[in-house]
Amino acid sequence: MANKNPAALDSQPSELTPEKVLPQKNHAKAGGPPNASGFYIYIGPSIRGLLQSGTIFRGSKAHARRMAQKAIEKQPLVKTLIVSGDCLPEARLKVKTPGNALYANYRKIAGK
């Protein structure tokens, strides 16, 4: 049975600190925790017959790159547009904003 006394809940130590619940920004640069979301996503343009935009890869970045290997062989910049779920909101904005590497790589793959 669960103890429904609110005072008893507050007295127990919590294992969920803000650092464990919310991923740190720029964790790859800071050497922080690995991808907490557990997935990677391709945010580049679709490459006919090889890779569709928005493809989700569960697991590690190495696994995502293996799954997209044929597309990477055809367009090496594809690997720069496979981003972690933790960085997805920022990366989607960067792909649409001129003046950064994600935008430039997207345009090169798209042939624009």
Side-chain angles (χ1 to χ4, degrees):
M1 284 196 153
N3 187 356
K4 295 188 180 188
N5 182 358
L9 292 176
D10 290 337
S11 65
Q12 296 174 357
S14 174
E15 292 182 25
L16 296 176
T17 61
E19 295 80 19
K20 292 181 182 177
V21 175
L22 300 173
Q24 296 176 357
K25 289 188 177 188
N26 298 328
H27 60 79
K29 293 179 185 175
N35 182 12
S37 65
F39 72 93
Y40 287 83
I41 185 167
Y42 173 65
I43 60 170
S46 295
I47 300 173
R48 189 178 301 258
L50 296 176
L51 189 60
Q52 184 175 350
S53 181
T55 300
I56 296 173
F57 305 98
R58 293 238 173 242
S60 67
K61 190 166 195 168
H63 176 345
R65 287 185 175 180
R66 278 194 307 272
M67 298 302 290
Q69 186 59 39
K70 289 183 182 180
I72 292 171
E73 288 172 2
K74 183 175 180 182
Q75 283 286 349
L77 293 176
V78 164
K79 64 184 172 188
T80 64
L81 294 171
I82 297 174
V83 298
S84 71
D86 296 341
C87 300
L88 182 59
E90 292 174 11
R92 284 191 190 225
L93 291 174
K94 286 183 178 182
V95 163
K96 298 176 185 177
T97 308
N100 63 71
L102 289 178
Y103 177 82
N105 292 346
Y106 185 100
R107 307 269 301 171
K108 288 177 185 175
I109 292 171
K112 296 180 181 179

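Every heavy atom of this structure was used, including side-chain atoms; hydrogens, water molecules and symmetry mates were not. Residue numbers run from 1 in the order of the sequence given.
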Undergrad: Please say which of Thr55, Asn35, Ile56 ends up in a side-chain contact (heavy atoms from CB on, under 4.5 Å) with Tyr40.
TA: Asn35
Undergrad: Give me the atom names and distance for the closest heavy-atom approach of Ala68 to Ile82.
TA: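 Taking Ala68 first and Ile82 second, the nearest heavy atoms are CB-CD1, 4.0 Å.
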Undergrad: Val95 and Tyr103: which non-hydrogen atoms are nearest, and at how many Å?
TA: O-CD1, 3.1 Å
Undergrad: What's the separation between atom CD in Glu90 and atom OG in Ser84, rounded to the nearest 0.5 Å?
TA: 9.0 Å
Undergrad: Is there a donor-acceptor pair under 3.5 Å between the side chain of Ser53 and the backbone N or O of Ile43?
TA: no
Undergrad: Nearest 0.5 angstrom please: Ile41 CD1 to Arg92 CZ, how far?
TA: 5.0 Å
Undergrad: Do you know the tightest heavy-atom contact between Asn100 and Lys94?
TA: ND2-O, 3.0 Å
Undergrad: Would you confirm whether Asp86, through its side chain, and Ala36, through its main-chain N or O, come within 3.5 Å as a donor-acceptor pair?
TA: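 Yes, because the side chain of Asp86 sits within donor-acceptor range (under 3.5 Å) of the backbone of Ala36.
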Undergrad: Look up atom NZ in Lys70 and atom CD in Glu73, then write down how far apart they are to the nearest 0.5 Å.
TA: 8.5 Å
Undergrad: Tell me the closest heavy-atom pair linking Pro45 and Leu81, and the distance in Å.
TA: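 Minimum heavy-atom contact is CD-CD1, 4.5 Å.
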Undergrad: Is Gln69 atom CD crowded by more than 12 heavy atoms from other residues, nucleotides or ligands, each under 6.0 Å away?
TA: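 More than 12 within 6.0 Å, yes.
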Undergrad: Using every non-hydrogen atom in the two residues, find where Ile109 and Val78 come nearest and quote the distance to one decimal.
TA: CD1-N, 3.7 Å
Undergrad: Quick one: closest heavy-atom pair of Ile72 and Arg65, and the distance?
TA: CD1-O, 3.7 Å
